[in-house]
Amino acid sequence: MSEQIRTRFAPSPTGSMHVGNAHTALFNWLFARNNGGAVVLRIEDTDELRSTPEALDVIYGGLKWLGIDWDEGPDIGGPYGPYIQSQRLELYEQKVNELVEQGKAYRCYCTPEEVQQRREIMRAQGLPPKYDSRCRTLTEEDCAELSAEGRQPCTRFKMKQTGNTIVNDIIQGEVVYDNNLCGDPVILKQSGFPTFHLAVVVDDAAMSITHVIRGAGHLPNTQIHLQLQEALELPHPRYAHLPLILGEDRTKLSKRHGAVSVMEYQELGYLPEAMFNFLVLLGWSPGDEQEIMPRDEIVSRFSLEACNKAASVFDLKKAEWMNGEYMKQMEPAELAERVHPWLVAAGLIEEELFGKRWQWLIKIVELMQERAKLLKTYTTWARYFFTDDYEYENRARKKWLNKEATVDVLERLGDGFEALDEWNAETVESVIRGLAEEMGLSAGKVIHPCRAAVTGTTIGPSLFHLLVLLARDDVVARLRRTARLSRDGELAPTGDDADEE
RNA sequence: GGUCCCAUAGUCUAGGGGUUAGGACUCCGCUCUUUCAAGGCGGCGACACGGGUUCGAAUCCCGUUGGGACCA
């Protein structure tokens, strides 16, 4: 008989989906899917004002974007609901009362300020800054007196004061904590809300969670959870603490490191499958040299035992590279579908595309498929395909457009194109090369000015193939317009980097 | 400050007593070409340090240093 594996992902509804959270969700999902287990989505909102529908949507959206699904959760229900902690308050209260009645927890009348103050003193003395347990020994009269002062109690759990608590972690191994060093944690706040410690323990058990997979930041909390489970006579789940994801400066990833929420990566033009692949490689490796792997393969090869203990730095450059790789592997038609919304948002193309126009877009996408690294890249690099309103870059101005010889080349090229019977890559190329020969120039001396004139830039895909994706009339018009501007001296380098080479 | 965790190049990692320490990103160079932001080729670059254990340590142990996490 094998127990049904159940993992859970338990975010707080903060209104954004941090990549660290996404990483944790991903590993829970991978472990469950690899083992034919279930994934539970639980919202831990006992600390927040309450979850708002918007905050929930952010979580759902982030997970769905990455392709992480769940078997039970607030939106789809399940046999262990409700899945939002603020809807489970009676349960926590009942458990807390149970502990108090059994003498395993007690009311504490110290204010947060007092506790904080004493902690500072202990720290200054070089002592472990834990709660000093002074309310443990309060009598009923003491309590009544303190209440009369207007104090609202919180409830603290009595931690063992001797011996060790051993966490046996699948990833971190055996970690030993000295019970004497841990103060009694609050389990029920003055407000009557449970703390994280109580709620996780109660819910993990109530939801039959077999494996708690979470960030390594929770490792020290686990000693509390283990003791709480014992006191409540609940089973211990297995624990796996994942290495943290850090920013470039090796501190916890936060806003000042740039994009930290998964949706920001979507907005930057990342493909979810690339993000998925990138994230899984932070803290896990298949053991060989494979890096880019389809989702199925990741699922089948995944294991918690193969996870790393060391924290990792989120390397944006590598994520970008990987995204580019995914874009290259894609069918042009599919990539075009992904790129299309970006072009629409940039006002470059209409939302409804029909047959020929789709085919045209696919060709454009394909032309740049090798070099674009993000979906968003198309809105800038491919801009000139969709509008005549593009900038002449300084490099193009300096190298070609601001030179006298260019005017003639552009004009004659325009004439040559105009005279063409057919507009295709071969005919275009022959005009360009023919003109170069006629003028006694190398082909590059025609190609580069032409590119600069028609696209405004000095770099891009094959010029011949690019030109034929534009209407011939447009190309001719652009050549003539550019020639005129050049002659009028309008194309001198501008701006701060005008002198830069 | 206390406790815990971690330590292979700038970054992600493989390896785990005997290896020329492998791969990937980045960076640099060369090359192809019609440009590079793409392709091809190549290069720089690592076992944090000090002690042990051992015939032999990057690998095991201890310490130091550094980093991180937690301490409502």
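Being a predicted model, the structure only gives us computed values, none of them experimental. Here is the naming used below: chain letters follow the sequence lines, and residue numbers restart at 1 for every chain.
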Q: Report yes if at least one side-chain N or O of A:Lys318 is closer than 4.0 Å to OP1 or OP2 of B:G10; otherwise report no.
A: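 Checking B:G10 against A:Lys318, no side-chain N or O comes under 4.0 Å of OP1 or OP2.
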
Can you tell which of A:Asn28, A:Asn21, A:Thr222 makes a side-chain hydrogen bond (donor to acceptor under 3.5 Å, both in side chains) with A:Arg214?
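It is A:Thr222, the one option of A:Asn28, A:Asn21, A:Thr222 that forms the side-chain hydrogen bond (donor to acceptor under 3.5 Å, both in side chains) with A:Arg214.
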
Which one is paired to [N], where only Watson-Crick or G-U wobble pairs with both distances under 3.5 angstrom count?
N	result
B:G63	B:C49
B:U20	none
B:U54	none
B:A69	B:U3
B:C44	none
B:A38	none

Looking only at the side chain of A:Val175 (C-beta and beyond, no hydrogens), which of the listed nucleotides B:C4, B:U26, B:U13 gets closest?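 Selected nucleotide (nearest to the side chain): B:C4.
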
Identify which nucleotide among B:U34, B:U26, B:U13 has an atom closest to any side-chain atom of A:Trp321, counting heavy atoms from C-beta outward.
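Closest nucleotide among those given: B:U26.
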
**OP:** Provide the distance between the two P atoms, one in B:A21 and one in B:C55, to the nearest whole Å.
**Re:**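 To the nearest whole Å, 23 Å.
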
inquiry  = What's the gap between B:U64 and B:C25 when it is taken at their P atoms, as a whole Å value?
reply    =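 Going atom to atom, P in each nucleotide, I get 39 Å.
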
- Are a donor atom and an acceptor atom from the side chains of A:Thr458 and A:Glu393 found within less than 3.5 Å of each other?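 Looking only at side-chain atoms, A:Glu393 and A:Thr458 do not form any donor-acceptor pair under 3.5 Å.
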
Q) With a 3.5 Å cut-off and no angle check, do the side chains of A:Arg107 and A:Gln152 form a donor-acceptor pair? A)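 Absent: no donor and acceptor within the cut-off.
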
Ring-plane angle category for A:Tyr392 and A:Tyr390, please: parallel below 30°, perpendicular beyond 60°, tilted otherwise.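 A:Tyr392 vs A:Tyr390 ring planes: perpendicular.
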
Which is more 5' along RNA chain B, the nucleotide nearest A:Glu325 or the one nearest A:Glu429? Just name the residue.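 Final value for this comparison: A:Glu429.
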
Show each protein N/O and nucleotides 67-72 of chain B N/O combination with a separation under 3.5 Å, one pair to a line.
{"unit_1": "B:A69", "atom_1": "OP1", "unit_2": "A:Lys252", "atom_2": "N", "d": "3.4"}
{"unit_1": "B:C70", "atom_1": "OP1", "unit_2": "A:Lys252", "atom_2": "NZ", "d": "3.1"}
{"unit_1": "B:A72", "atom_1": "OP2", "unit_2": "A:Arg119", "atom_2": "NH1", "d": "2.5"}
{"unit_1": "B:A72", "atom_1": "OP2", "unit_2": "A:Arg119", "atom_2": "NH2", "d": "2.0"}
{"unit_1": "B:A72", "atom_1": "N6", "unit_2": "A:Arg156", "atom_2": "NH2", "d": "2.6"}

Discussion item. Tell me whether the NZ or CZ atom of A:Arg42 lies within the 45° cone about the ring axis of A:Phe9 and under 6.0 Å from its centre.
Written reply: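 Geometry flag: not set, cation outside 6.0 Å or 45°.
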
Measuring centre to centre across the rings, with the benzene-like ring taken for any Trp, is A:Phe278 within less than 6.0 Å of A:Tyr270?
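Centroid separation for A:Phe278 and A:Tyr270: 6.0 Å or greater.
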
